[in-house]
Undergrad: 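Before I ask anything, here is the structure I am working with.
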Amino acid sequence: MVLKTIPALQSDYQMQDYEKLVAEFDWKEAEKAFSWYETGKVNIAHEAVDRHAESFRKNKVALYYKDGNRNETYTFGDLKKYSNKAANVLKNCSTLEKGDRIFVFMPRSPELYFALLGALKIGAIVGPLFEAFMEGAVYDRLDDSDAKAIVTTPELVDRIPVDRLPNLETVFVVGDGVTEEGKVISFNKHFEKASKEFEVEWLERESPTLLHYTSGSTGKPKGVLHVQEAMVQQLQTAKWVLDLREEDVFWCTADPGWVTGTAYGIFGPLLAGTTNLVVGGRFSTEAWYGAVEEFGVSVWYSAPTAFRMLMGAGAAAMEGHDLSSLRHILSVGEPLNPEVVRWGMETFNMRIHDTWWMTETGAQMICNFGSMPLKPGSMGKPVPGIEAAIVDDKGNILPPNRMGNLALKKGWPAMMRAIWNNPEKYDSYFLNDEWYVSGDSAYMDEDGYFFFQGRVDDVIMTSGERVGPFEIESKLLEHPAIVEAGVIGKPDPVRGEIIKAFIALQEGVEPTDELKEEIRQFVKKELAGHAAPREIEFKDKLPKTRSGKIMRRVLKAWELDLPTGDLSTMED
Ligand code: WTA
């Protein structure tokens with residue numbers, strides 16, 4: 001398919017020349033933006049909040065929050081005060097120390113931001129958990145990381161199996177009228193009384209900050225460990241790629257349970273001293289267009305699934321909304337279809353800028369800069385300071401237009417530093433100790449633009465969320481009626497992919513529609529709503545290797561009516 005290039009528009013901001021930056025830029029330059037460059041005292045929460053609160057930005061809005069009938073505004077000064085109070089609560093009501101793991105498990109709310117920033121101020125390692133997780137998923141993550149504390153809400157607290165987590169000492173519950181018993185501490189009660197002064201724990205650039213659990217194609221979800229140093233790249237990309245300016249209102253629609261919601265829902269923009277919008281609740285066309293208008297959003301970072309839903313709602317949904325505040329739109333998480341880019345041009349007279357990165361990379365890696373001609377269908381070019389290439393399985397760089405592994409030269413600032421408790425897994429990401437291999441396949445054209453082709457493994461991207469088939473298969477096998485289960489991503493025009501499960505039942509069990517629904521509910525209840533298979537197909541037997549591994553690629557071939565390829569390893 002030949003795609004026309006969309007030039008940088010006049011209405012686009014003027015950005016520094018990309019080629020010049022690539023030639024001249026050094027990450028050392030970017031470090032100068034931080035106070036630790038001079039003081040040597042490192043803490044990301046200080047750089048994101050306190051530094052601004054102690055400057056001319058004290059009374060500037062840091063956070064607008066809207067959800068249902070809550071509509072609140074917090075300045076940088078407020079954010080400093082409340083995250084200090086949270087830090088005092090966490091420290092005084094538990095034995096948490098520097099380096100201990102604490103999880104935040106709650107819907108988007110100002111309290112989530114106070115708690116997360118407060119936890120960073122005491123030097124703890126924060127594990128953000130998406131609110132949709134159910135007991136099994138919560139248990140796996142807290143158990144693997146040996147968590148000492150968790151911050152949650154009355155609605156979610158029952159999903160934490162405290163009895164099975166002996167090292168979990170403290171459960172902070174955010175809400176009114178919380179009864180303190182056992183491990184439960186009322187966050188609000190102590191928050192009210194807590195001092196607004198707090199001496200931040202000073203750390204090193206390599207000290208850990210966040211532990212984001214994410215899925216691969218095999219094994220349980222793995223804990224991706226990030227460090228303070230990530231802030232260097234998060235701020236630099238917030239300037240270059242998000243193009244954040246002093247007067248902007250920035251809206252990142254991602255939940256902090258996912259990496260986009262922390263790296264760019266919290267750190268990038270706050271480090272830049274930008275005003276952020278946080279909207280709670282689920283996606284709705286009316287609420288989203290309404291929020292852009294009400295808060296005068298100028299820079300908008302969302303996902304292809306959301307854009308496709310807005311596109312599907314048509315022009316009628318926009319009527320009556322003044323969206324003229326928008327000046328820059330970006331996308332992440334899944335391939336951005338040229339169709340959506342065209343819709344953006346027609347609808348907003350603006351280019352939607354794709355950005356590619358992963359939980360493991362910690363910040364944006366391959367992007368469409370504002371000053372760059374944009375090729376619809378391409379993710380763009382590497383951020384200056386980042387070296388990307390297409391390599392074969394041995395680590396040899398392939399020439400332009402050849403498909404291969406999308407790889408990154410090891411050693412960028414925001415790179416993960418470990419997989420929790422699993423050094424072998426960590427090492428398995430790297431080829432020849434030189435290339436980080438992403439698990440995505442792609443090619444680069446002769447102009448240096450990268451084009452995403454698909455996952456090399458069986459990881460599923462559904463509505464921009466990364467789901468591992470293994471975790472779902474394991475859960476399905478716990479259902480008494482199921483003997484075998486194989487899970488794949490099935491292409492879907494709106495969600496990118498949907499989850500489809502192939503299931504073999506116990507002898508004598510009737511394959512009914514009711515059973516399908518029961519299985520769906522089972523996964524929903526035990527794992528998470530977004531992990532429940534939308535489609536289920538019963539089979540007498542599933543394709544397996546001789547060693548007993550489900551061959552998902554064969555299931556996918558069946559589903560898509562494709563040739564099944566080499567079946568020599570399949571059992572008879
Ligand atoms: C996919 C999300 C195509 C990719 C920040 C990657 C994308 C996985 C893009 C990481 C994009 C992310 N175009 N695919 N612009 N951005 N992906 O860890 O398969 O939740 O490996 O991080 O999302 O998902 P994760």
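Because only heavy atoms are used, hydrogens play no part in the values below, and waters and symmetry mates are left out as well, while side chains stay in. Keep in mind the model is a prediction, meaning the values are calculated, not measured.
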Undergrad: As a test of understanding, state which of Arg466, Arg417, Lys425, Lys410 forms a salt bridge (Lys or Arg N to Asp or Glu O under 4.0 Å) with Glu360.
TA: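 Result for salt bridge (Lys or Arg N to Asp or Glu O under 4.0 Å) with Glu360: Arg466.
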Undergrad: Would one find more than 12 heavy atoms of other residues, nucleotides or ligands at under 6.0 Å from atom CZ of Arg164?
TA: yes
Undergrad: Determine yes or no for a side-chain-to-main-chain donor-acceptor pair under 3.5 angstrom, with His52 supplying the side chain and Leu270 the backbone.
TA: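 Looks like yes, one N/O pair under 3.5 Å.
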Undergrad: Of all heavy-atom pairs between His212 and His226, which one has the smallest distance, and what is that distance?
TA: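 Looking at all heavy atoms of both residues, the shortest contact is CD2-CD2, 4.4 Å.
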Undergrad: Donor-acceptor check, side chain of Glu180 to backbone of Ser186, threshold 3.5 angstrom: yes or no?
TA: yes
Undergrad: For the rings on Trp251 and Tyr64, is their centre-to-centre separation under 6.0 Å?
TA: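 Aromatic pair excluded; centres sit 6.0 Å or further apart.
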Undergrad: For the side chain of Ser215 and the backbone of Gly468, is there at least one donor-acceptor N/O pair under 3.5 Å apart?
TA: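 Yes: the side chain of Ser215 pairs with the backbone of Gly468.
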Undergrad: Is the distance between the ring centroids of His46 and Trp36 less than 6.0 Å?
TA: no
Undergrad: For Asp440, which residues count as a salt bridge (Lys or Arg N to Asp or Glu O under 4.0 Å) partner, sequence neighbours excluded?
TA: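 Result, salt bridge (Lys or Arg N to Asp or Glu O under 4.0 Å) vs Asp440: Arg455.
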Undergrad: Any chance the rings of Trp420 and Tyr426 have centres within less than 6.0 Å?
TA: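 No, ring centres 6.0 Å or more apart.
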Undergrad: Determine whether Trp356 and Ser438 make a side-chain contact, defined as any pair of heavy atoms from C-beta on separated by less than 4.5 Å.
TA: yes
Undergrad: Using modelled atom types and a 3.5 Å cut-off, is there a donor and acceptor pairing between side-chain atoms of Asp143 and backbone atoms of Leu165?
TA: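 Not a single qualifying donor-acceptor pair exists.
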Undergrad: Asp100 side chain to Ala124 main-chain N or O, any donor-acceptor pair under 3.5 Å?
TA: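 No.
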Undergrad: Under 3.5 Å, is there a donor-acceptor pair between the side chain of Thr75 and the main chain of Asp78?
TA: yes
Undergrad: Taking all atoms of both residues into account, what is the closest heavy-atom pair of Trp288 and Ala306, and its distance?
TA: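 Heavy atoms only, the tightest pair is CZ3-CB, 3.6 Å.
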